[in-house]
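I have placed the structure first, in the form of structure tokens, so that the comments after it can refer back to it.
Everything numeric here is computed off the predicted structure, so don't read it as measured data. Every chain is numbered from 1 and lettered A, B, ... according to where its sequence line falls, protein lines coming before strand lines.
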Amino acid sequence: MAAKLDGEIVNADAFQLYRGLEIVSATPSKEEFGIRPHHLYGVLDPTESADAQLYVKLAKPVIEEIQSRGKTPVVTGGSGLYLKFLTHGAAPLPTGDPALRAEMEECPLEDLVAKLTALDPVEASRTALQNRRFVSRALEICLLSGQKASDLRDGWEKQTAEISSQLRGIVIQRTRPDLHARIAQRTRMMLDGGAIEEVAALKDVSTNCEKAIGFREIRALLAGEIDRATCEDLINAATRQYAKRQESWFRREKWLEPYTA
RNA sequence: GGCCCGAUAGCUCAGUCGGUAGAGCAGUGGAUUGAAAAUUCACGUGUCGGCGGUUCAAAUCCGUCUCGGGCCA
């Protein structure tokens with residue numbers, strides 16, 4: 001598509017942003033990099049933590065620069081949340097605070113729910129209260145901003161319909177058997193192609209970076225906790241589940257047209 | 001050839017004193033605005049290996065056959 005549009009590729013994959021994770025994250029090959037210019041691959045050190053806001057900060061200038069040269073940015077990936085931020089903008093919310101998060105980690109979930117309910121009952125009523133992540137984030141917004149998360153988030157939701165009418169994109173669809181076969185092939189190629197050595201070589205990684213599918217599984221293999229076949233099975237299952245979540249996410253993005261491969 | 005153990009959901013296995021079965025994982029669907037390759041919610045009919053017997057009633061007891069695994073020859 002990039003070739004057809006005289007375009008340049010911009011990565012929107014949370015893990016292909018990192019250096020040193022090329023094999024595990026299935027970063028494009030040297031040959032693929034040669035076909036069209038690629039941007040935002042391997043731009044973060046594994047010790048750094050990324051988030052959706054940082055991604056937008058990285059991607060916006062790159063996209064604008066491509067456009068200024070008269071080329072078409074072809075954004076591709078990966079993370080639904082990162083893409084959503086890029087395409088629909090960020091709500092005026094405070095950035096996550098590691099210290100506060102660490103503090104909240106120590107609290108039982110019910111305490112966090114109680115605090116959120118006291119500070120912002122509206123947000124509490126529309127948050128999945130079993131989901132520690134979501135509860136923590138909503139509470140974090142209240143605590144850091146001194147305002148109600150529900151108020152801050154409401155404004156943002158009104159803008160999105162307008163923005164999405166200007167977007168153009170496709171979402172590739174495959175049958176489940178085809179998808180699963182491709183995932184199995186991809187995992188096999190990774191493990192045979194240096195993924196184990198790649199993970200062994202990474203020493204200090206951020207808690208963010210170590211969530212890459214394959215990282216923990218290969219660490220367990222290196223530690224002798226599981227064998228190679230089990231490692232492969234675990235990576236396959238995690239990848240299938242991720243692919244399914246991507247399908248759910250992108251199905252809701254009405255501006256994306258389905259493309260059957 | 002003889003003896004012992006096993007056979008229950010796609011996989012690994014539970015299943016009390018007989019009352020027609022349930023967990024984990026996998027799978028399927030959903031949620032999702034600064035951790036997102038993360039996090040989270042919902043969904044469990046399967047000749048209980050086959051055949052026969054006992055019983056009001058068998059995954060459960062008895063017999064036999066088949067297939068695994070082990071021990072002895």
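- Residue-level contact check: Ala14(A) touches the backbone only, with heavy atoms under 4.0 Å from sugar-phosphate atoms and none from bases.
- Comparing A35(B), G34(B), A26(B) by their closest approach to the side chain of Ala237(A) singles out A26(B).
- With distances taken from any side-chain atom of Gln16(A) to the nucleotides G34(B), U39(B), A37(B), the minimum falls on A37(B).
- One atom, CG of Leu129(A), and another, P of U39(B), lie 19 Å apart when rounded to the nearest Å.
- For U60(B) and A14(B), the C1' atoms lie 14 Å apart once the distance is rounded to whole Å.
- Annotated as syn: G34(B), whose glycosidic dihedral is within 90° of 0.
- In terms of polar N and O atoms assigned as donor or acceptor, the side chain of Asp13(A) comes within less than 3.5 Å of the base of A37(B) in a complementary pairing.
- A salt bridge between Asp192(A) and Arg228(A) is present, with a side-chain N of the basic residue lying under 4.0 Å from a carboxylate O of the acidic one.
- Linking Ile, Leu, Val, Met, Phe, Trp and Tyr residues whenever their side-chain heavy atoms come within less than 4.5 Å places Val199(A) and Ile226(A) in a single cluster.
- Distances from the side chain of Lys244(A) to the nucleotides G29(B), U40(B), A37(B) place G29(B) closest.
- Across all strands shown, C71(B) pairs with G2(B); the Watson-Crick or G-U wobble distances both stay below 3.5 Å.
- A straight line from CZ of Phe15(A) to P of A37(B) spans 6 Å, rounded to a whole angstrom.
- Here the C1' atom of nucleotide U28(B) and the CG atom of Leu179(A) are 14 Å apart, to the nearest Å.
- The base-pairing partner of G24(B), taking Watson-Crick or G-U wobble contacts with both distances under 3.5 Å, is C11(B).
- At the heavy-atom level, Gly78(A) lies under 4.0 Å from the strands shown only through sugar-phosphate atoms.
- Within 4.0 Å (heavy atoms only), Ile141(A) reaches sugar-phosphate atoms of the nucleic acid but no base atom.
- Counting to the nearest Å, the P atom of A36(B) and the CG atom of Leu83(A) are 13 Å from each other.
- Under a 4.0 Å N-O distance rule, the pair Glu210(A)/Arg216(A) does not qualify as a salt bridge.
- Side-chain proximity of Ser79(A) to the nucleotides C41(B), A36(B), A35(B) is greatest for A36(B).
- The pairing partner recorded for A57(B) is none, the criterion being a Watson-Crick or G-U wobble arrangement whose two distances lie under 3.5 angstrom.
- The distance from atom CD of Gln241(A) to atom C1' of A26(B) is 8 Å, rounded to the nearest whole Å.
- Using a 4.0 Å heavy-atom cutoff across all strands shown, Arg176(A) reaches sugar-phosphate atoms only and no base atom.
- Nucleotide U39(B) is matched to A31(B) when pairs are restricted to Watson-Crick or G-U wobble geometry with both distances under 3.5 angstrom.
- To the nearest whole angstrom, the two P atoms, one in A31(B) and one in U12(B), are 34 Å apart.
- Which of U40(B), A26(B), A37(B) sits closest to the side chain of Ser25(A) comes down to A37(B).
- Rounded to whole angstrom, the span from the CD atom of Gln53(A) across to the P atom of G34(B) amounts to 10 Å.
- Protein atom CG of Leu144(A) is 12 Å distant from nucleotide atom P of G34(B), rounded to whole Å.
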